[in-house]
Each structure stands twice: as C-alpha cells, then as structure tokens.
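Comments concern the structure below.
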Amino acid sequence: MIEQLEAYAGEWDICIIGGGATGLGTAVDAASRGFKTILLEQYDFAKGTSSRSTKLVHGGVRYLQQGNIKLVMEALHERGTLKKNAPHLVKNQKFIVPNYKWWEGPFYGIGLKVYDWMAGRLGLGSSQFLSKEETLQLAPTLDADGLRGSVVYHDGQFDDARLAMHLAMTAADKGAVIINYCKVKGLIKEEGAVTGVYIRDSLNEKDYEIKAKAVINATGVFTDLILKMDDPLQENIIAPSQGVHIVLDKAFLPGDTAIMVPHTDDGRVLFAVPWHHKIIIGTTDTPIESHDDASLREPVALDEEIDFILEQIGRYLTKDPTRKDIRSVFAGLRPLVKGDSKKTAELSRDHLITVSDSGLITITGGKWTTYRRMAEDVINTAIRKKELENKPCITANLKIHAAKEDTGFNEPLYYYGTDAEHIQSLVQNNKTLGELLHANLPYIKAEIIWAVQCEMCMTVEDALTRRTRAILLDANAAIEASPLVAQLMAKEMNKDIHWQEDQVRQFRNIAQNYLPSG
Ligand SMILES: Cc1cc2nc3c(=O)[nH]c(=O)nc-3n(C[C@H](O)[C@H](O)[C@H](O)COP(=O)(O)OP(=O)(O)OC[C@H]3O[C@@H](n4cnc5c(N)ncnc54)[C@H](O)[C@@H]3O)c2cc1C
C-alpha cells in the first residue's frame with residue numbers, strides 16, 4: 001500500500017488518522033462516496049481499543065438502565081444494519097439474566113421488553129421469562145441455589161479485529177489507500193489551516209508528506225495527542241477508562257447461551273459470553289490518568305480488576321474460577337468524552353465531532369456498534385466544512401468485504417466469509433498448510449500465509465493477536481506457537497533468521513500482558 005502512496009503525488013480529499021473502528025468505518029464511508037481517501041495507522045489495524053472490546057453488537061442494556069434512549073435506539077438500529085451487511089461476522093446471541101430475588105424477573109423482564117420494542121423490526125428475537133428448570137437447561141453451570149428463573153433476550157456478537165480487517169478491505173475494494181505502521185508525526189499548516197500530515201513509515205523508516213482537503217482525527221484514546229499537535233495549549237477532551245476481560249475454558253459455561261449479570265458491586269453489568277469455543281468475561285471501568293503514548297499503546301490489566309471479575313462471576317457459577325483457570329486476560333481503553341461527571345461509568349458513550357479553528361476534524365467516543373453512523377456523521381461534517389462535493393452516504397446498504405449469507409458459525413474459517421475459499425485452496429495446493437499452529441488453538445498454517453499475502457499482516461503479533469485471535473484464546477499456546485508463525489511468515493516475506501528471533505522476542509514481551517500474574 002505504501003507503493004500506492006508513493007505513486008500518488010496529488011492532493012487527497014480525505015486523510016484519516018487512526019485505523020480502529022472509527023477510522024476504518026470513516027474510510028469505508030469516504031471511499032464508497034467516491035472521495036480520494038487515505039488512512040494511516042501508526043501500529044496495526046485495531047491494535048488499540050477496537051480489538052479489546054466485549055465483542056457485542058448491542059444497543060446496550062446498561063444504557064437503557066441509565067435512560068439514554070437515543071443512544072440505545074441508534075445502536076439497535078446499527079446492530080440490525082451491521083447484521084444485514086456483515087452476516088458472516090454478526091451472530092445472534094442468546095443472553096440469560098438470572099433472577100435470584102423475587103422482583104428481578106418482572107423488573108428485568110419489563111426492561112427487556114422495552115429493549116425488544118425499541119429494536120422494532122430489526123429485533124433479533126423476543127425476550128421471554130424462563131422457569132428455574134428451563135434456565136438450568138440452557139446454562140447448567142449456573143448456581144441453582146436460590147435461583148428463581150431468568151429472563152432471556154437476544155443481542156449481537158462479533159469478532160472485533162476481524163470486522164476491522166474486513167472494513168479495511170472494504171475501503172480498499174472501494175479505492176481507498178489503507179496503510180498500517182505509518183505514524184502521523186505532525187500536521188502541515190498553511191496560514192493557520194491544517195492542509196495535511198507529516199508521516200513516518202516505521203517499516204521502511206521513510207518520511208512522507210500528505211496533502212489533503214480534510215484531515216480527520218479518529219485516534220480514540222490518542223485523540224488529545226493529535227489535538228496538541230494542532231494547539232499545544234489544547235485541554236484534554238478524553239478521559240480514558242480501562243476495561244478488562246478474562247478468558248476461560250468453555251467448561252465453565254457449556255452450551256451457546258451467555259450470561260448477563262445486571263448489577264455488579266460497582267454498579268455495572270457483567271457479561272460471560274461464549275466466543276470461539278471459550279468464554280469471555282468482563283468488564284471493569286477503571287479511570288486511567290496517564291495520557292502518554294506508551295501507556296496508551298499496551299494497557300495492562302490490574303490485579304484488582306482480575307480479582308473483581310473472578311469474584312463477581314464466581315457468585316453465579318457452580319464452580320468458582322481461579323487465576324489458574326484463566327487462559328488469557330486483556331485490557332482495553334474506552335475513549336470517553338469528558339463531561340462534568342467524575343465517574344467514568346457515567347460519562348457519555350455518545351460520539352462527539354469537533355472542528356478546530358485550523359479546520360482539523362476530530363471524531364471520538366461512541367461504540368463499535370455505532371461506527372457506521374459515526375462515519376456517516378463525520379464525512380457529512382467534512383463535506384460541509386471543506387466544501388467537498390455533496391455525495392450521499394451509501395453504507396447503510398453496502399455489504400462488508402467477504403459478506404456471506406447463511407454462515408454456519410461453528411464451521412472452521414467461518415469468520416473469513418467468502419475469503420475462506422481462498423484459504424481452503426491454499427490447503428488444497430499444499431496439504432501441510434492444513435495443519436494446526438498448536439494443538440490448543442483452532443488456527444491452521446494457511447491462515448498465516450493468507451494474512452501475509454492479503455491482509456497486510458506485518459508482524460507475529462499481528463498474526464497471533466488480530467488476524468487470528470490466538471493470544472486471546474490461550475496466551476500460553478500463542479507464545480508456544482510464535483516460532484512456527486515467525487518461520488511461516490519469514491518464508492513468505494523473505495526475511496532472515498534474525499527477523500524471526502526478533503519477532504518472537506517482541507511477541508513474547510507483549511504476550512506477558514495477557515498472562516494473569518500469580
Ligand atoms: C473494555 C471495552 C469493551 C467494549 N465493548 C464494546 C462492545 O462490546 N460493543 C461495542 O459496540 N463497543 C464496545 N466498546 C467500545 C469500542 O471498542 C470503542 O468505542 C471503539 O473500538 C473505539 O474505536 P476507535 O477507532 O475510536 O479507537 P481505537 O480502536 O483505539 O483506534 C484508534 C487508532 O488510532 C491510532 N493512532 C493513534 N495515534 C496515531 C497517529 N499519530 N498516527 C496514526 N495512527 C494513530 C491508534 O494506534 C489506534 O489504532 C468497548 C470498549 C472497551 C474499552
């Protein structure tokens with residue numbers, strides 16, 4: 001992709017900084033409207049918050065509790081739109097809300113009926129009351145002591161980094177230039193107006209200048225660092241809040257049903273959701289003071305966050321999970337827009353678009369679920385402010401790259417949609433590529449070859465963290481698989497043994513953050 005950048009010396013219509021959900025969605029919107037679009041990501045696509053979510057495409061039952069009707073309505077609408085446009089990635093997930101007190105059944109039952117009603121014809125299924133016996137049939141490891149029954153409801157579930165990759169590919173299919181490992185180091189300004197960006201490609205260590213009619217800052221928790229490039233006196237607008245998840249073996253919650261705990265000790269909701277044959281449990285809400293590049297890059301779970309999750313979920317399961325049971329732990333930072341409130345759990349999940357005096361456009365906040373709507377809003381703003389041609393947004397009906405109907409979510413390679421055929425043909429041509437990377441991981445060698453050839457996979461970390469989700473499913477297994485992955489990649493990329501050793505070392509350093517200490 002850097003070759004495409006080098007080949008084009010003209011002015012771009014839209015330059016997007018940041019390759020997470022917001023930036024990639026914006027690139028899809030801009031390119032599909034016919035704008036000449038470039039996106040720059042300093043590390044890998046979705047390396048930040050966008051690969052560290054709870055993986056729910058949801059209206060947000062919690063925001064309903066808070067009375068944020070507008071956000072819930074918008075998110076439920078987007079949930080339906082995404083399910084239609086990326087049917088290979090968005091799964092209909094059944095959730096149980098267990099009731100141990102007499103009032104919980106009617107209370108949550110009515111709330112979830114309102115949730116159903118708000119989704120309207122885009123609903124994924126009606127909520128209903130279940131008896132104790134019916135509840136235990138769906139979730140046999142739920143603590144039966146004192147259980148009165150449950151309310152069951154439906155929401156969407158997805159693979160966040162995979163959707164990010166398919167958004168990058170959708171934007172590229174529509175003509176955008178999408179580049180990872182390219183950091184914006186500064187803003188080009190002429191007479192006080194932002195007219196482009198200075199960038200450094202960290203792979204070839206070359207610097208470039210990019211001129212663009214509109215520069216869009218979509219950098220999540222890094223937003224303030226870009227705003228300070230524009231105006232060093234700018235006050236921070238983001239209050240990062242850390243959320244942690246732990247991953248357990250499926251034995252803790254067999255079957256296909258997720259659990260939603262509506263009220264934890266800190267007043268949040270807690271999810272335990274089946275995902276790629278494991279269980280993801282989270283999350284927390286811990287305000288983070290530090291705004292520097294290094295601490296935003298690799299957030300690390302705190303011991304007390306892990307203990308909190310273990311304790312809360314332990315109250316609902318027959319067998320209490322311990323640290324030894326944790327296969328992986330991951331932390332992500334919410335880019336919450338500051339408000340008057342001091343508690344991050346109460347800060348707005350709504351998105352915010354600002355236009356600086358220099359013309360720099362910033363979009364932040366929001367949720368993965370609402371990325372498409374956020375992108376539509378920010379490109380509409382760019383059209384208005386930068387006098388670009390007024391072309392209509394088409395993403396509400398635009399299929400995402402590799403979209404495939406009737407996906408069998410238990411089939412191997414389902415998350416590649418129609419691209420699975422290409423991976424299967426790699427295996428047909430070379431049977432050894434059908435071998436697993438590791439006995440405890442569901443990924444085959446051909447997925448690494450495909451990632452290098454067609455998904456801009458540059459490092460072992462890209463391969464084991466976001467092209468596959470190995471590190472989230474089993475961090476120790478991912479560490480053990482890393483030399484093999486480095487070897488496969490080196491052959492494909494024409495790299496030597498020193499590159500392989502360096503890649504494995506770097507990956508193992510990062511992987512330490514996914515292992516629970518103690
Ligand atoms: C714990 C947790 C759970 C969540 N669960 C859900 C959920 O289940 N469902 C849901 O809908 N939402 C969820 N969210 C919210 C959702 O994940 C975020 O709103 C979304 O991922 C934010 O995307 P983003 O693109 O704005 O930020 P990011 O994903 O952080 O992307 C910003 C990107 O900008 C890049 N960047 C920064 N500076 C530069 C620079 N100078 N040059 C180039 N690139 C740069 C970064 O490297 C980064 O990749 C969750 C969030 C958290 C933290």
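Just so you know, ligand 1 is whichever comes first in the structure, and atom 1 is the first atom listed for that ligand. Just so it is clear, the structure is predicted and the values come from calculations on it, not from any experiment.
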N/O donor-acceptor pairs under 3.5 Å from side chains in residues 69-78, not counting sequence neighbours:
| from | atom 1 | to | atom 2 | distance (Å) |
| --- | --- | --- | --- | --- |
| Glu78 | OE1 | Arg372 | NE | 2.9 |
| Glu78 | OE2 | Arg372 | NH2 | 2.9 |

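Evaluation of the side chain to side chain contact (heavy atoms under 4.5 Å, CB included) rule for Ala164 yields Leu24, Ala46, Trp368 as partners, not counting sequence neighbours. Every residue meeting the side-chain hydrogen bond (donor to acceptor under 3.5 Å, both in side chains) condition with Asp160, not counting sequence neighbours, appears here in chain and number order: Ser53, Lys55, Arg469.
Heavy-atom contacts from other residues, nucleotides or ligands closer than 6.0 Å to CG of Asp357 number 12 or fewer.
A distance limit of 4.0 angstrom between heavy atoms and ligand 1 selects the residues Ile17, Gly18, Gly19, Gly20, Ala21, Thr22, Leu40, Glu41, Gln42, Tyr43, Gly48, Thr49, Ser50, Arg52, Ser53, Thr54, Lys55, Leu56, His58, Cys182, Lys183, Val184, Ala218, Thr219, Gly220, Phe222, Ile226, Gly243, His245, Thr283, Gly332, Leu333, Arg334, Gly366, Lys367, Trp368, Thr369.
Between the side chain of Gln503 and the main chain of Val460, a donor-acceptor pair closer than 3.5 Å is present. Remark: side-chain polar atoms of Thr459 are paired, donor with acceptor, to backbone N or O of Asp462 under 3.5 angstrom.
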